[in-house]
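Below is one structure, written out as structure tokens, with a few remarks after it.
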Amino acid sequence: MQRQADRPPVKVGVLGATGTVGQRFITLLSAHPWFAIHVLGASSRSAGKPYAAAVNWKQVTLIPNAVRDMIVQECKPEAFIECAVVFSGLDADVAGDIETAFRAAELPVFSNAKNFRRDPHVPLIVPLVNPGHFSIIRQQQLLHSPPLTKGFIVTNANCSTTAHVIPLAALESAFGPIDTLMVTTLQAISGAGYPGIPSLDIIDNVVPYISGEEEKIEWETRKILGGIADASPEQRVGDQVLQQFDMHAHTPLKISAACNRVPVTVGHMINVSVGFGHRPPPSPQQVCDALRSYRSEAHLLGCPSAPVQTITVHEEPDRPQPRLDRAHQDGAGVSVGRVRQCPVLDIKFVVLADNVSIGAATSSIINAELAVLKGVLQS
Ligand SMILES: NC(=O)C1=CN([C@@H]2O[C@H](COP(=O)(O)OP(=O)(O)OC[C@H]3O[C@@H](n4cnc5c(N)ncnc54)[C@H](OP(=O)(O)O)[C@@H]3O)[C@@H](O)[C@H]2O)C=CC1
Ligand SMILES: N[C@@H](CC(=O)OP(=O)(O)O)C(=O)O
């Protein structure tokens, strides 16, 4: 991507800059046409050191020169006050308190952590699916004490949730509501951060449990695919009736998730079976056509990090595969294959997503691009 000469760079900060997601933020932001890395933050173990000395760099590209000598800061708002956008790849154990402090200091935070995803006033935005949920931010700011003008928190989803809601959104937009969903994940080791799972636990093995993951997928899917509705008339802020996430209330969504850790470095694969609310359900060919023709609002609005082809549909019977397909479009889209009839529900398929890119850092970056284009960021 080329830097744009006609607009001044937007100064951004990265919290958790030394972690798995933080390193992907740095790789992507160092080539970003609008955003320029201004501050890096991590724990007190890293603070005070040049970035190259603090980080255990695990990307396939070299550490960008622009950040090598940047001194890592403590994650305190004072160090980030010149930033127009703050990205967070913080460990969830500390993200709650730190992101709260940054929002209170009038900093817009785009977070990967799980802490605020269930907050009724924080949008959970998969940028290729539900950018309409940005509309809840004003209410988040007004309900804050004291009310805010610039600070807010936007979260993106769990990496497995992100992978499957993208094709599900395409199917709902073409064929109406989904009412039943069975998902089985095959999740890469990098999803657990670094160093993650001990090698003796994962080599030559599959671990059929990821703490909290099934509950996150089942809950987050409803918030993302659902809409926003007025709350009861007495729930107000000023003269405005509060809005609430409807959690897919028009068609209650039954979801069952089963999560597995597999010995793959990057790329979460998910087997999905879908039951539609409307009869007759679409054929596999109609599903393939709908997935291929899906265009995200982020792409249509001109977000530079949004993939041109949101969903790549494979015809080959043995694709997608993590090693072969995760880097397609820089990991910004998803790949779908094996679209076929399901003898129990209606349609089944497999979806693959780069858990660190569209599953984490790329989603936050596109969310920030959407915030710029939708005028959500106040200067
Ligand atoms: N990996 C993935 O695929 C995905 C991860 N996520 C979420 O993104 C977040 C980051 O994940 P990941 O990069 O994998 O995690 P890592 O464990 O790799 O990185 C954690 C980061 O948090 C920093 N940190 C830890 N403790 C503190 C502290 N007390 N104060 C300030 N900073 C601290 C670390 O800094 P230091 O190096 O100094 O310790 C490091 O930069 C998590 O919330 C995770 O759940 C979401 C989707 C996908
Ligand atoms: N739990 C996911 C990654 C992750 O950190 O998810 P979350 O942000 O929902 O806690 C995995 O292990 O692959």
Side-chain angles (χ1 to χ4, degrees), residues 124 126 128-130 132 157-187 208 213-227 245-260 262 267-297 307 309-322 325 333-353 358-359:
L124 172 54
V126 173
L128 308 181
V129 172
N130 61 327
N158 169 273
C159 35
S160 295
T161 308
T162 299
H164 84 149
V165 292
I166 294 171
L168 295 177
L171 295 182
E172 289 210 319
S173 122
F175 307 114
I178 288 164
D179 67 10
T180 316
L181 208 48
M182 300 281 293
V183 299
T184 304
T185 71
L186 307 165
Q187 296 183 220
E213 198 78 354
E214 293 169 358
E215 295 78 2
K216 278 186 275 184
I217 293 172
E218 292 169 3
W219 195 91
E220 291 176 16
T221 301
R222 296 189 181 96
K223 183 168 178 179
I224 296 160
L225 292 179
F245 296 100
D246 74 15
M247 303 298 293
H248 211 267
H250 52 83
T251 308
L253 188 46
K254 294 184 290 299
I255 311 177
S256 175
C259 294
N260 303 281
V262 298
H268 286 3
M269 181 172 264
I270 311 186
N271 283 292
V272 185
S273 290
V274 181
F276 291 90
H278 295 169
R279 304 279 99 190
S283 68
Q285 187 57 52
Q286 288 172 314
V287 164
C288 287
D289 293 345
L291 295 175
R292 280 198 183 96
S293 58
Y294 181 73
R295 295 287 174 269
S296 70
E297 185 187 340
Q309 185 67 35
T310 308
I311 303 165
T312 300
V313 181
H314 293 262
E315 297 289 352
E316 308 89 325
D318 59 352
R319 299 287 280 272
Q321 297 179 15
D325 298 305
V334 300
S335 295
V336 167
R338 306 214 59 219
V339 178
R340 59 212 191 279
Q341 236 139 22
C342 173
V344 178
L345 299 179
D346 294 322
I347 290 286
K348 55 184 173 176
F349 59 86
V350 62
V351 56
L352 172 81
I358 193 61

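What you see is a predicted model, and the numbers here were worked out from it, not measured in a lab. Heads up: numbering here begins at 1 and tracks the sequence.
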Do you know the tightest heavy-atom contact between [X] and [Y]?
{"X": "Ala258", "Y": "Glu214", "result": "CA-OE2, 3.3 Å"}
{"X": "Leu352", "Y": "Pro320", "result": "CB-CG, 3.8 Å"}
{"X": "His248", "Y": "Ile178", "result": "CE1-O, 3.4 Å"}
{"X": "Val334", "Y": "Pro167", "result": "CG2-CD, 4.2 Å"}
{"X": "Tyr294", "Y": "Val129", "result": "OH-CA, 3.8 Å"}

Please tell me if the side chains of [X] and [Y] come closer than 4.5 Å, counting only heavy atoms from C-beta onward.
{"X": "Ser273", "Y": "Val344", "answer": "no"}
{"X": "Ile347", "Y": "Phe276", "answer": "yes"}
{"X": "Ser335", "Y": "Arg319", "answer": "no"}
{"X": "Leu128", "Y": "Pro307", "answer": "yes"}
{"X": "Val336", "Y": "Val351", "answer": "yes"}

Note to self: How about CE on Met182, more than 12 heavy atoms from neighbouring residues, nucleotides or ligands closer than 6.0 Å, or not?
What the structure shows: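 Open.
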Checklist line | More than 12 heavy atoms of other groups within 6.0 Å of Arg338 CZ | finding: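 It does not: Arg338 CZ has 12 such atoms or fewer within range.
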Margin query: Test of understanding: with side chain to side chain contact (heavy atoms under 4.5 Å, CB included), list the residues that count as partners of Glu315, not counting sequence neighbours.
Written below: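 Once residues adjacent in sequence are excluded, the partners of Glu315 under the side chain to side chain contact (heavy atoms under 4.5 Å, CB included) criterion are Arg292.
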Checklist line | Residues forming a side chain to side chain contact (heavy atoms under 4.5 Å, CB included) with Ala290, sequence neighbours excluded | finding: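 Applying side chain to side chain contact (heavy atoms under 4.5 Å, CB included) to Ala290 gives Ala174, Phe175.
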Check: Checking Gln341 side chain against Pro284 main chain: does a donor-acceptor pair fall under 3.5 Å?
Finding: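 No: the side chain of Gln341 does not pair with the backbone of Pro284.
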Notebook entry, point to check: Has the side chain of Thr310 got a donor or acceptor atom that lies under 3.5 Å from a matching backbone atom of Gly333?
Noted result: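 Not at all, since once roles are kept as given, no pair shorter than 3.5 Å links the two residues.
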Margin query: Before you tell me yes or no, could you show the steps for Lys223 and Glu220 under salt bridge (charged side-chain N to carboxylate O under 4.0 Å, His left out), namely the whole-Å CA-CA distance, both residues' side-chain angles and the distance that decides it to 0.1 Å?
Written below: CA-CA 5 Å; Lys223 183 168 178 179; Glu220 291 176 16; over 6 Å; no
Note to self: Checking Thr221 against His164: is there a side-chain donor and acceptor pair closer than 3.5 Å?
What the structure shows: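 Note: His164 and Thr221 side chains meet the donor-acceptor criterion.
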